[in-house]
Number of protein chains: 2
Amino acid sequence: MAGKELLDERQEMGEGPWDPYTRDCPTRQVLDRIGDRWTVLIVGSLSGGTLRFSEIRKTVYGISQKMLTQTLRGLERDGLVTRTIYPQIPPKVEYQLTPAGATLVPLLGSLQEWAKEHMSVIIDARNEYDQSESA
Amino acid sequence: MAGKELLDERQEMGEGPWDPYTRDCPTRQVLDRIGDRWTVLIVGSLSGGTLRFSEIRKTVYGISQKMLTQTLRGLERDGLVTRTIYPQIPPKVEYQLTPAGATLVPLLGSLQEWAKEHMSVIIDARNEYDQSESA
DNA sequence: CGGAATCCATAACGATACTG
DNA sequence: CAGTATCGTTATGGATTCCG
């Protein structure tokens, strides 16, 4: 998504291309894909089954039409979502997770679970930190 | 990290505050925390044990001094990392994952594993998509 | 050494208007 | 309905300089 002309120097260190601390390591690639504000929410909304554009828009609170289009295009491009156009008037377009896209769902589950378990502690720590520094 | 004065309308839909499709749901909170380019890489680098500032900088390829400082402060604020200052000249500062921070590590492992398994398929789909549309 | 502060480029995003 | 196009704003992050 960002930077592609930066890869010049280095590249050989650690344990090769899987080394999480080189550029273009898989971790970075994944984060560039799912690390935005909307991707995982859209994948989550599609985890229940096929939805059309306006339905996704309704379930993912606050997303703009532009970001929904853009994010869905990215997911389609990466083979994580299929886009089916029904040539009617008015148009109807359905989105569905591919098998590859579906493998993301459990991962998001873990993410969400972690969030539920640790969120309160994090919020507390944050408030405490903010208080002690504004003193 | 972003938006905090947007929360006004709505807020009551779905199944309450844990509903992933409301604002401020845990999933969004987590993504705002770990969804940037550097957080998980830093957590990963600290998963092996305590490191000092310059050491992290060396292992996380491409990070600027500004972003390292900024990200570490965020992690400290959220109680995921401790910061220990040794009052010497020249200064020495050590960073270490807290127990809460350490619970993030397995999650990152899953992320990385998913990346390794699916990256090639995604790259292929992407290339194919790009080719067929530029035709 | 480990920052803080400033400046600046760009990328992300929202709002709005228009279209097949 | 499901987009595309354009614009303006804000967020993000790099480079540089300075400091205890």
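Here the structure is a predicted model, which is why all the values come from computation and not from measurement. Numbers restart at 1 for each chain; the letters A, B, ... are given by sequence-line order, proteins then strands.
- Atom CH2 of B/Trp38 sits about 11.5 Å away from atom OG of B/Ser45, to the nearest 0.5 Å.
- To the nearest 0.5 Å, the span separating CD on A/Glu76 from OG1 on A/Thr71 amounts to 12.5 Å.
- Among the heavy atoms of the strands lying under 4.0 Å from B/Tyr95 are primed sugar atoms or P, OP1, OP2 only; no base atom is included.
- The nearest whole Å value for the distance from the NZ atom in A/Lys58 to the C1' atom in D/dA2 is 13 Å.
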Could you go step by step and tell me if A/Asp78 and A/Arg33 meet the side-chain contact (heavy atoms from CB on, under 4.5 Å) rule? CA-CA 9 Å; A/Asp78 287 353; A/Arg33 169 101 293 293; 2.4 Å; yes
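- Take B/Val93 and apply the side-chain contact (heavy atoms from CB on, under 4.5 Å) test, not counting sequence neighbours, and it matches B/Arg83, B/Ile85, B/Tyr95.
- Put simply, CD on A/Gln70 is 13 Å from P on D/dG3, counting in whole angstrom units.
- More than 12 heavy atoms of other shown residues, nucleotides or ligands fall within 6.0 angstrom of atom CD in B/Glu55.
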Test B/Leu72 against B/Ile56 for side-chain contact (heavy atoms from CB on, under 4.5 Å), laying out the working first. CA-CA 10 Å; B/Leu72 283 170; B/Ile56 305 176; 4.2 Å; yes
Would B/Thr39 and B/Leu75 count as a side-chain contact (heavy atoms from CB on, under 4.5 Å) here? Give the steps. CA-CA 8 Å; B/Thr39 296; B/Leu75 287 168; 3.8 Å; yes
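- Rounded to whole Å, atom P of D/dA11 lies 18 Å from atom CG of B/Leu31.
- When distances run from any side-chain atom of B/Arg73 to the nucleotides C/dA4, D/dG13, D/dG3, the shortest one goes to C/dA4.
- Put simply, B/Leu46 and B/Val105 are part of the same group of oily side chains (I, L, V, M, F, W, Y) that touch within less than 4.5 Å, one to the next.
- With rounding to the nearest 0.5 angstrom, the OG1 atom of B/Thr84 is 6.5 Å from the CD atom of B/Glu94.
- C/dG2 atom P lies 11 Å from atom CD1 of B/Ile85, rounded to whole Å.
- Between the two ends of the helix from C/dC1-D/dG20 to C/dG20-D/dC1, each summarised by a five-pair axis, the helix axis turns through 40° (rounded to 10 degrees).
- Rounded to an integer number of Å, the gap from B/Arg57 CZ to C/dG2 P is 10 Å.
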Each nucleotide in nucleotides 14-20 of chain C should get exactly one letter: B, S or -. Can you fill that in based on protein heavy atoms under 4.0 Å? BB----B
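- Look at CG on B/Asp32: it is 15 Å from P on C/dA12, rounded to the nearest Å.
- Checking D/dA2, C/dG3, C/dC1 against the side-chain heavy atoms of B/Ser54 singles out C/dC1 as nearest.
- Protein atom NZ of B/Lys92 is 13 Å distant from nucleotide atom P of C/dG3, rounded to whole Å.
- Between B/Arg52 and C/dC1 there is no side-chain N or O to OP1 or OP2 distance below 4.0 Å.
- Counting to the nearest Å, the P atom of D/dG3 and the CG atom of A/Leu68 are 8 Å from each other.
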